[in-house]
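Heads up, the thing below is written out as structure tokens.
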Amino acid sequence: MQKIILLLALITFNMTSAQTKKKQILLVGTFHYANPGLDVAQLNNFNIMSEKSQKELEIMSDKIKKFGPDKIFVEWEFKKQADLDKFYNKNTDSLFKANKSEITQLALRTAKKLNHKKLYGMNLYTSFPYDSLMKSMEKANQKDLMEKNKLTTENFEKQHNEKIRKSTLQEMMLYYNTKQAENENLQWYLEVANRAGNPDDFTGPSLVSNWYKRNLYMYSLIQKLTDSTDNKIMVLVGAGHASIIREFIMHDPTFEIVELSTVLK
């Protein structure tokens, strides 16, 4: 009888452990390799096509392959998944030579090594009325805030461009996944944007809420498209998105974060 009770206890424990085992997310925040010029800050391009960078990409993708994500999510418009599928199935060698984006150079490279059938797009655009934000500051005569906005942007540009001159690709990637970089990405939204405008003007909070909304939409797709059979996934997004998505993951008992630094060590 005692043996039966012990066996039942062990079965129950194993079932509970299986149910509570968290799925691992390798959350990779990045700067834009191709730099489309869509961000407020004007940043210099990193030479992603150099022989040195290409070798680093091979090493990084090999190490991520060893981690073994079952799916890789990228910052591609969710509604255009069919286009992503076609893109994924193009000649890989020609893509690596012609397309500089992090989706191609890191995510696609890694997915091909893992023999994945596709990448998963999870981007959803929302409005980002930066011009309206500036007009609200002017209308409210927030000269100090306008100056802070200018200095914050200039400092970010300067720091990023200095890192480009001095750092390898892996060093850049590791930096953009540190707490310091994440805090810098979040700080502007709360310190500057959310304060913009007169008390009855909510252009600033609207911009910030739309930014959070976009990230919540993206995270919702990660949650919905991660199957019960997926034990590990990789999420490759701009560093600004990663800083917020990290907060969502920390409060979601389904997942746990795996740091890029542990994978690339």
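These numbers come from the heavy atoms of this one structure, side chains and all, not from hydrogens, waters or symmetry mates.
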Problem set entry | Ser53 and Ser50: CA distance, side-chain angles, deciding distance, side-chain hydrogen bond (donor to acceptor under 3.5 Å, both in side chains) verdict | CA-CA 5 Å; Ser53 292; Ser50 71; 3.1 Å; yes
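- Under the 4.5 Å side-chain heavy-atom criterion for grouping Ile, Leu, Val, Met, Phe, Trp and Tyr, Met137 is not connected to Leu151 through any hydrophobic cluster.
- Between Asp62 and the choices Lys112, Lys55, Lys113, the salt bridge (Lys or Arg N to Asp or Glu O under 4.0 Å) rule is met once, by Lys113.
- Side-chain contact between Leu108 and Thr92 is present, with heavy atoms from C-beta onward closer than 4.5 Å.
- Qualifying side-chain hydrogen bond (donor to acceptor under 3.5 Å, both in side chains) partners for Ser136, counting only residues two or more places apart in sequence or in other chains: Asp201, Thr203.
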Exercise. Does the salt bridge (charged side-chain N to carboxylate O under 4.0 Å, His left out) test come out yes or no for Glu259 and Arg246, once each step is laid out?
Worked result: CA-CA 11 Å; Glu259 300 295 347; Arg246 174 180 288 272; 2.9 Å; yes
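- Put simply, the residue from Arg109, Gln170, Met173 that forms a side chain to side chain contact (heavy atoms under 4.5 Å, CB included) with Leu57 is Arg109.
- Side chains of Ile72 and His116 form a contact here, defined as non-hydrogen atoms less than 4.5 Å apart.
- Leu119 and Leu84 get closest at one heavy-atom pair: O-CD2, 3.6 Å.
- Residues Phe73 and Val237 have side chains not in contact (no heavy-atom distance under 4.5 Å, counting atoms from C-beta outward).
- With respect to the salt-bridge test (charged N to carboxylate O, under 4.0 angstrom), the residues Lys71 and Asp230 qualify.
- Here the side chains of Val258 and Ile25 are not in contact, with every heavy-atom distance at 4.5 Å or above.
- Leu95 approaches Gln105 most closely through the heavy-atom pair O-NE2, 4.3 Å.
- Residues Lys213 and Thr126 have side chains that never bring a donor and an acceptor to within less than 3.5 angstrom of each other.
- Partners of Glu138 under the side-chain hydrogen bond (donor to acceptor under 3.5 Å, both in side chains) rule, at least two apart in sequence or in another chain, do not exist in this structure.
- Note that the CH2 atom of Trp211 and the OG atom of Ser127 stand 12.5 Å from one another [nearest 0.5 Å].
- The CD1 atom of Ile64 sits 9.0 Å away from atom CG of Leu114, with the distance rounded to the nearest 0.5 Å.
- Linking ILVMFWY residues whenever their side-chain heavy atoms come closer than 4.5 Å, directly or via other members, leaves Phe46 and Ile59 in distinct clusters.
- Lys86 contributes atom NZ, which lies 6.0 Å from atom CG of Asp83 (distance to the nearest 0.5 angstrom).
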For this session: Assess whether side-chain hydrogen bond (donor to acceptor under 3.5 Å, both in side chains) is satisfied between Lys90 and Ser94, documenting all intermediate values.
Result: CA-CA 8 Å; Lys90 286 183 178 180; Ser94 63; over 6 Å; no
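- Contact record, Ser243 with Leu186: OG-CG, 3.7 Å, taken as the closest heavy-atom pair.
- In this structure, Tyr217 places its OH atom where only 12 or fewer heavy-atom neighbours from other residues, nucleotides or ligands lie under 6.0 Å away.
- In this structure, a donor-acceptor pair under 3.5 Å is present between the side chains of Tyr130 and Asn149.
- Summarising the geometry of Met122 relative to Leu236, their closest heavy-atom pair is CE-O, 4.3 Å, with the distance given to 0.1 Å.
- No cation-pi contact links Lys118 to Tyr88, judged by a cut-off of 6.0 Å to the six-membered ring centre and 45° from its axis.
- With salt bridges taken as basic N to acidic carboxylate O contacts below 4.0 Å, none links Glu58 and Lys52.
- Using a cut-off of 4.0 Å between Lys/Arg side-chain N and Asp/Glu carboxylate O, Arg195 and Glu191 are scored as not salt-bridged.
- Atom CE of Met134 has more than 12 heavy atoms from other residues, nucleotides or ligands within 6.0 Å.
- With hydrogens and angles disregarded, a donor-acceptor distance shorter than 3.5 Å links the side chain of Glu102 to the backbone of Tyr33.
- If you check the side chains of Asn99 and Thr104, you find a donor sitting under 3.5 Å from an acceptor.
- The closest side-chain heavy-atom distance from Phe255 to Gln223 is below 4.5 Å.
- Cluster annotation: Leu133 and Phe202 are assigned to distinct hydrophobic clusters (Ile/Leu/Val/Met/Phe/Trp/Tyr, side-chain heavy-atom contacts under 4.5 Å, transitive).
- Asp144 CG: 12 or fewer foreign heavy atoms inside a 6.0 Å radius.
- Between the Lys232 side chain and the Phe67 main chain, a donor and an acceptor come within less than 3.5 Å of each other.
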Problem set entry | Full working for side-chain hydrogen bond (donor to acceptor under 3.5 Å, both in side chains) between Asp85 and Gln81 | CA-CA 6 Å; Asp85 293 341; Gln81 179 66 46; 2.8 Å; yes
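- Partners of Glu162 under the side-chain hydrogen bond (donor to acceptor under 3.5 Å, both in side chains) rule, at least two apart in sequence or in another chain, do not exist in this structure.
- Looking only at side-chain heavy atoms (C-beta outward), Ser261 and Asn177 stay at 4.5 Å or farther from each other.
- In this structure, CG in Leu106 is found 7.5 Å from OG1 in Thr30, a value given to the nearest 0.5 Å.
- Between Tyr189 and Phe128, the ring-plane angle classifies as perpendicular under the 30° and 60° cut-offs.
- The two residues Gly197 and Ala140 make their nearest non-hydrogen contact at C-CB, 3.7 Å.
- Leu216 and Leu190 are not part of a single hydrophobic cluster, where members link through side-chain heavy atoms under 4.5 Å apart.
- Between the side chain of Asp252 and the backbone N or O of Thr254, at least one donor-acceptor pair lies under 3.5 Å.
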For this session: Report the C-alpha separation of Phe87 and Trp76 in whole Å, then their side-chain angles, then the decisive distance to 0.1 Å, and conclude whether the ring-ring contact (aromatic ring centres under 6.0 Å, His included) test is met.
Result: CA-CA 11 Å; Phe87 183 78; Trp76 186 290; 5.5 Å; yes
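- Summarising the geometry of Leu264 relative to Lys63, their closest heavy-atom pair is O-NZ, 2.9 Å, with the distance given to 0.1 Å.
- Clustering ILVMFWY residues whenever any of their side-chain heavy atoms sit less than 4.5 angstrom apart, transitively, puts Met218 in the very cluster that holds Tyr212.
- Taking the six-membered ring for Trp and thresholds of 30 and 60 degrees, His160 and Tyr176 have ring planes inclined between 30 and 60 degrees apart.
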For this session: Under the side chain to side chain contact (heavy atoms under 4.5 Å, CB included) rule, what do Gln24 and Ile233 come out as? Steps first, then yes or no, please.
Result: CA-CA 6 Å; Gln24 295 184 321; Ile233 63 171; over 6 Å; no
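- Open room surrounds NZ on Lys148; 12 or fewer heavy atoms of other groups in view lie less than 6.0 Å from it.
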